[in-house]
Structures are given as structure tokens and as C-alpha cells.
Amino acid sequence: MFRSLKRYKTLRKTKKVKEGDGHPLKSYRLWDIFTRSLFYTELVDENNHTITYAVDFKFWVEEHKAELYRNGRHAGSSKLPAVFPVPGGVIEVGTGSYGINRMHVVTDEGNAYPLYPDKRSLRGLRLWLDRRFPRVSSLIGKLAVFILILSLLISLPQLLEMIFQIPWLIENIGEFHSPITLPAAVNLAIVGAGILAGYERSLTLRNHWLIDLETNYWDN
């Protein structure tokens, strides 16, 4: 039943894909790290031909969309979350609080693997660090998880105290006082550290509904 539901959701998302107009893919430049992300994958079609697919994602736009390119030519576009049919499966694209957290090829057998980012992008540099210095990369990843968990444990009680200042809650449930009270500057620093940690996880396409403080947008 679960697989049938997932297939239904996947099929529903593929219907959002609009046909491409064939324009060429713009090369990724150094200054594009502030405006777009670009990912690639190579797949083999039924005729045993290797096809290069690229997914372009732009920041700072009113409506976020994923643009699919096939061998350098625009093949389709879709609102997020997006599912693009490709040989042997689909490409799934989704975002969370800190940006892209889903950019994977999912085969017809259910196996999933991420697309690789352009080497000049921030994600590409993060991938280079992971391959060149795996121990350092692992330490950074673990530190990000630690910061997010710590931020959650510190911020949640204080957030609950603010919520329980609503008169209706006080009258019907009672008051709640946080066991943790920190200065505004410290709370601001914790929020900043949490944002950086969350962004670091998004660079590696890692996401967890709890420690990243978000619901799973992909299931919408």
C-alpha cells in the first residue's frame, strides 16, 4: 500500500512538468554561487546511449522552479517539489528551510542516489572537501548535527514559554516557564549558528525532519 501511495504521488508530480523550449544551458560561473545551483547526472537510455541531464535551480525568484536540461538543451520545467521522468526512473527535486534537500535519481527499482553538483558551486566545493579530506568533512557534518540538536534543546523551551503567554492557554491549560532563560544576544547567536549548521547540511543534501526544524516538504 505504501509503495502504491508513493507511486501515485510521483505520478501526480510528473504531471506538473512543462515541456522545454530547447534553449541551451548557461555555463556555471563563479558569481552564480549567489544566484543558482546546478546539478548533473548521466543516464543510459533504451538504445544504450549515454545522456547527460542537468537540473538548474535559481534563488531569489518569486516562484521556485527546477529546470531540466537534456544534453545541454532545455527539456522541461516544474514547480517544486518536482519529478522529472528519465530513462530507468525519475529525478526528484525538493527544498526545505535551508534550500535544496532533495536532488536524487530514483530508479524504477526504488534505489536513490544524488546528482553531483557543478564543481564551481558551493556544493561542488563541499563535495571536493568531502572527497579530499573525508575526516575533516565528517567532523564538520557531526558538528552541524550537534549544533542543530543543541539549538533545538535550548530554543524549544523558550519558544513554548512565549506561546504560553497567550491568554487563552493561560486560562485553560496554565502557565509554562522555561527552565532555560538566555540573553537576547546569546539566543541570536544560537539562531545564527543553527542557520549555518542547517545550510551546511543542505550543501550535502542531508535533511532530517526533527533536527533541521522542518517538515518534509518532499511529501507535500
Side-chain angles (χ1 to χ4, degrees), residues 25-43 52-60 64 66-67 69 80-82 89 91-107 110-156 158-159 180 182-183 185-219:
L25 174 64
K26 292 183 179 180
S27 300
Y28 196 92
R29 305 299 184 184
L30 182 61
W31 51 85
D32 286 335
I33 62 174
F34 303 108
T35 59
R36 62 192 285 229
S37 287
L38 185 59
F39 295 82
Y40 303 93
T41 190
E42 292 182 347
L43 301 172
T52 299
Y53 286 92
V55 178
D56 195 4
F57 176 82
K58 292 181 175 60
F59 314 144
W60 320 117
H64 286 128
E67 306 287 346
Y69 292 81
L80 300 180
I91 293 177
E92 297 180 348
V93 185
T95 60
S97 299
Y98 306 105
I100 296 172
N101 62 11
R102 182 74 173 174
M103 185 68 72
H104 290 69
V105 173
V106 180
T107 67
N111 300 317
Y113 57 90
L115 281 72
Y116 58 92
D118 191 283
K119 63 182 180 180
R120 290 158 289 195
S121 67
L122 285 177
R123 285 183 169 84
L125 293 174
R126 182 65 179 85
L127 180 61
W128 174 85
L129 177 66
D130 184 65
R131 291 174 174 173
R132 186 68 177 82
F133 304 100
R135 292 184 179 180
V136 174
S137 175
S138 177
L139 180 61
I140 293 174
K142 291 177 181 177
L143 181 61
V145 172
F146 173 78
I147 291 174
L148 286 169
I149 293 176
L150 182 64
S151 176
L152 178 63
L153 293 176
I154 293 175
S155 301
L156 186 58
Q158 296 181 89
L159 178 61
I180 303 172
L182 299 174
V186 176
N187 281 323
L188 185 61
I190 291 173
V191 170
I195 291 174
L196 290 175
Y199 187 65
E200 194 285 328
R201 284 172 61 77
S202 77
L203 290 177
T204 54
L205 298 179
R206 295 190 178 98
N207 178 68
H208 188 276
W209 70 272
L210 178 59
I211 64 175
D212 293 312
L213 291 175
E214 63 185 19
T215 55
N216 192 344
Y217 182 36
W218 176 247
D219 287 334

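Here the structure is a predicted model, which means the values were calculated and not measured.
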Checklist entry - Is the closest side-chain heavy-atom distance between Met103 and Val55 below 4.5 Å? => result yes
Checklist entry - Do Ser137 and Arg126 have side-chain atoms, one donor and one acceptor, less than 3.5 Å apart? => result yes
Item to check | Heavy-atom closest pair, residues Leu25 and Tyr40 | outcome: CD2-CE2, 4.3 Å
Next on the checklist: Within the supplied structure, the quantity of interest is the number of heavy atoms (other residues, nucleotides, ligands) at a distance under 6.0 Å from Lys119 NZ; does it exceed 12?
Outcome noted: no
Item to check | Distance (rounded to the nearest 0.5 Å) between Ser27 OG and Asp32 CG | outcome: 9.5 Å
Next on the checklist: Using only atom types and a distance under 3.5 Å, with no angle test, would you say the side chain of Arg120 pairs donor to acceptor with the backbone of Tyr28?
Outcome noted: yes
Item to check | Test item: Asn187 side-chain N/O and Leu182 main-chain N/O as donor-acceptor pair under 3.5 Å | outcome: yes
Next on the checklist: Please determine whether side-chain contact (heavy atoms from CB on, under 4.5 Å) holds for the pair Thr107 and Tyr113, giving the CA-CA distance in whole Å, both sets of side-chain angles, and the decisive distance to 0.1 Å.
Outcome noted: CA-CA 9 Å; Thr107 67; Tyr113 57 90; 4.2 Å; yes
Checklist entry - Does the pair Asp130 and Thr204 meet the rule for a side-chain contact (heavy atoms from CB on, under 4.5 Å), with working shown? => result CA-CA 9 Å; Asp130 184 65; Thr204 54; over 6 Å; no
Item to check | Distance-minimising heavy-atom pair for Gln158 and Ile180 | outcome: CG-O, 3.2 Å
Item to check | From Lys58 atom NZ to Leu38 atom CG, the distance as rounded to the nearest 0.5 Å | outcome: 9.0 Å
Next on the checklist: Would you say that Tyr116 contacts Glu42 through its side chain, given a criterion of any heavy-atom pair below 4.5 Å between the two side chains?
Outcome noted: yes
Checklist outcome for this item: In terms of heavy-atom contacts, Gly141 and Glu200 come closest through CA-OE1, 4.1 Å
Next on the checklist: As a quick check of understanding, evaluate side-chain contact (heavy atoms from CB on, under 4.5 Å) for Leu129 and Ile140, giving each step before the final call.
Outcome noted: CA-CA 10 Å; Leu129 177 66; Ile140 293 174; 3.8 Å; yes
Checklist entry - Can you name the closest pair of heavy atoms from Ala197 and Leu148 and give their distance? => result CB-CG, 3.9 Å
Checklist entry - Tell me, do Leu80 and Phe57 make a side-chain contact under 4.5 Å, heavy atoms counted? => result yes
Checklist entry - Would you call Val93 and Phe39 a side-chain contact if the rule is heavy atoms closer than 4.5 Å? => result no
Checklist outcome for this item: When every non-hydrogen atom of Arg123 is compared with those of Ile100, the smallest separation belongs to NH2-O, 3.4 Å
Item to check | For the student: nearest non-hydrogen atoms of Phe59 and Phe34, plus distance | outcome: CD1-O, 3.5 Å
Checklist outcome for this item: Here the gap from Leu43 atom CG to Leu115 atom CG, rounded to the nearest 0.5 Å, amounts to 8.0 Å
